[in-house]
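Below, chains carry the letters A, B, ... as their sequence lines are ordered, and counting in each starts from 1. Predicted, not measured: the structure shown is a model, and the values here were computed from it.
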Amino acid sequence: MDIFDNLILGFTVALSLKNLMYCFIGVFVGTAIGVLPGIGPLVTIAMLLPITFNLPPIPALIMLAGVYYGSQYGGSTTSILVNLPGETASVVTCLDGYQMARQGRAGPALAIAAIASFFAGCVGTLLIAVAGPPIAEIAFKFGAAEYFSMMLMALIAASCLAHGDTVKSLAMVFLGLLLGIIGTDVNSGMARYSFGIAELTDGIGFTVIAVGLFAISEIVKNLESGGEEVHEVFTDIKHVYPTVDDLRLSTGPIIRGTAVGSFFGTLPGTGPAISSFASYMIEKKVAKDPSRFGKGAIEGVAGPEAANNAAAQTSFIPTLTLGIPGSATMALMLGALTIQGIAPGPQVMTQRPDLFWGLIASMWIGNAMLVILNLPLVGMWVKLLKIPYRWLFPSILMFCAVGNYSINNSSMDLYLVALFGVLGYVLMKLECEPAPLILAYVLGPLMEENLRRALLISRGDPTVFFTRPISLAFMIVAVIILITMILPAVRKKKEQAYEEGGGEAPPRRTDA
Amino acid sequence: MKVNLRNNKDFFAGLLLLAIGAGGFYMALGYPFGTAVRMGPGYFPRVLACILMAFGLFVLIRGILTSEKTTGKWGWKPLAFITVSLVAFGFVMERFGLIPALVVMFFVAALGGHEFKFIEVLILTVFMSAFAVGVFVYGLGLPYPLLQGF
């Protein structure tokens, strides 16, 4: 059997001592940083990404993947214990998780989150192994028109389903595309938007933009209020293991959550955030007594946690097989791949099977490590929460600075980080979501190339995007998403879904 | 209807988009436009800049009509200190090496925090610098001089 052989290849790669070590480092560091309030997976990866550039491709990606789900998991720990989600995806976990902690059931809440994540992670990994090759097979048939339409759909989906105002999110997509133009035009060799600065002719490094827009602006946001906040942390965790009743109640939500997460994860442009919100809504709908939700219902932790982990895992499907990242975080992973000299796309699977299957196997191993690592070590993670922010933020800044300097050994990159930090902060205050921007920034050059190529092949006939069946399908989906989001009724529903999360829990650190 | 632009989030978001779009369009005028079949380097940027300006205009007008305010204070002070600390790190790093760059960065950044205690920042700087030297220079083998140019 093919899949079987492939998985064995994967495990041989992932179980080598060196790769196991990098997987462990990734998961460990990811959890440690993810636990810190206000730092989600995106910021963690943006911060640590430059450091992995000095590693060979396989260990680098294994470590980054470890950082990714480690920080995701760390984020749920903070949500449960301190009511401070690291990013949108874990906002929902706060609702019932924190209530459980207040009722003295922090242990079972953490355990269920771990079990749900692990189950979803296993299913997700299996799904990548099964669905990856056929999707890559289809992707080989894609021409320029199909790629362009697919990327357009991904960007529209990402901005329409993102948190916040749809119009401004769409505007952010175009801003990201415009920023992506900076650099030398591949077709004509002309330097565009380089402002006469030599470093800009290579374009702006995407870690520069990601660190500036997400990490730096987040630090400033945390510092804008007058004084340091004191949070109530539940450190008293005695009973870690959930009761039989807890497990019985959680089984359904975990399975449903995994299904929801796998669906949104596979779809380009959507990811963990929308999955966990959707799962919470579903659980509330199917529950016999919906009034328990928000008051410490274990289903409200199990479902969303399974959903966001399944989505986190399956979002590797479009990223690895199509070369199209599903979320801003995946865009960073894709960027890491590119910097390692690997052109993302369906050929990765055939040309670098060791990398593809090794990464998948290491995801499963990483998930197992998380369970082993987190339940016994919860006490240690909690201590991290007591570090005052005035020690943390300069240290985070140090990682950002040294990391970005190390890519090109150029101080220009740091001046740009500073510039994007200012832009990111202003955008944040004006409530413009930066996530669609970074996704568009990564896809921009690819879109332009495919648009040009498609129109060259069709001799300038723009109907090519609508006459080729696969391309047409992507366009139809994009239009449907766009129309439904403009309809006031649907828009209200989306806001409601996010509100159920954001209404009671403080969405970010400083709002508390 | 009284038009109030102070802290009007959509008005300023629109203005920002409009400005970036206009700047992008103006600069792209210098690049050959080409035709749809053979697009020049100016084709894509000009189209994008126009769309961005359209979005900017829409958001700006919506801002004038709805007058929704930004939430929370603007943290100009931390923004200034953090920005300067990053620029200073880059500037000092290139000329004097890693350790002076980290010292400057930690102290400038800490000034932007809620409270500044000299001894505490000093200890943090020494500790984190030692960590950085250990991990980045010795661990990852990044070729940075620790101290130079004096």
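For OH of A:Y415, the number of neighbouring non-hydrogen atoms (other residues, nucleotides, ligands) closer than 6.0 Å is greater than 12. Other residues, nucleotides and ligands place no more than 12 heavy atoms under 6.0 Å from the OH atom of B:Y26.
Between the A:K168 side chain and the B:G14 main chain, no donor and acceptor come within less than 3.5 Å of each other. Within the 3.5 Å criterion, the main-chain N or O of A:N409 finds no donor-acceptor partner in the side chain of B:Y144.
Considering every non-hydrogen atom in both B:P45 and A:Y193, the closest pair reads CB-OH, 3.5 Å. Considering all non-hydrogen atoms of both residues, A:V220 and B:G75 come closest at CG1-O, 3.8 Å. What you find for B:L17 and A:A171 is that their closest heavy atoms are CD1-CB, 3.6 Å. In terms of heavy-atom proximity, A:L175 sits nearest to B:L52 at N-CD1, 3.7 Å. In terms of heavy atoms, A:V402 sits closest to B:F89 at CG2-CZ, 3.9 Å. Here the shortest heavy-atom pairing between A:I216 and B:I82 reads CG2-CG2, 3.8 Å.
Applying the side-chain hydrogen bond (donor to acceptor under 3.5 Å, both in side chains) rule to B:W76 yields no partners; only residues at least two apart in sequence or on another chain are considered. Remark: A:N404 pairs with A:T207 by the side-chain hydrogen bond (donor to acceptor under 3.5 Å, both in side chains) rule, at least two apart or across chains.
Using a 4.5 Å cut-off between heavy atoms, B:K117 touches chain A through its side chain atoms alone. In this structure, chain A has a heavy atom under 4.5 Å from the side chain of B:M105, while its backbone stays farther away. If you measure heavy-atom distances from B:F136 to chain A, the contacts under 4.5 Å come from the side chain alone. Using a 4.5 Å cut-off between heavy atoms, B:A28 contacts chain A through both its backbone and its side chain. Contacts between A:M172 and chain B at a heavy-atom distance below 4.5 Å involve the side chain alone, from C-beta outward. Contacts of A:M398 with chain B are made by both backbone and side-chain atoms, with heavy-atom separations under 4.5 Å. For A:L427, the part lying near chain B is the side chain, with the backbone staying farther off; criterion is any non-hydrogen pair under 4.5 Å. With a threshold of 4.5 angstrom between heavy atoms, B:V59 approaches chain A through side-chain atoms but not through N, CA, C or O.
A distance of 4.5 Å separates OG in A:S395 from CZ in B:F106, rounded to the nearest 0.5 Å.
Under the 4.0 Å criterion applied to side-chain N and carboxylate O atoms, A:D165 and B:K9 are not assigned as salt-bridge partners.
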- Item | Criterion side-chain contact (heavy atoms from CB on, under 4.5 Å) on A:R390 and B:F116, from CA distance to verdict | CA-CA 8 Å; A:R390 62 176 187 279; B:F116 182 83; over 6 Å; no
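Across A:G421, A:A418, A:G403, A:S217, the residue that shares the most heavy-atom pairs under 4.5 angstrom with chain B is A:A418. Chosen from A:L414, A:L170, A:I457, the residue pairing most often with chain B at heavy-atom distances under 4.5 Å is A:L414. The candidate from A:M447, A:R459, A:R452 with the greatest count of non-hydrogen atom pairs under 4.5 Å with chain B is A:R452.
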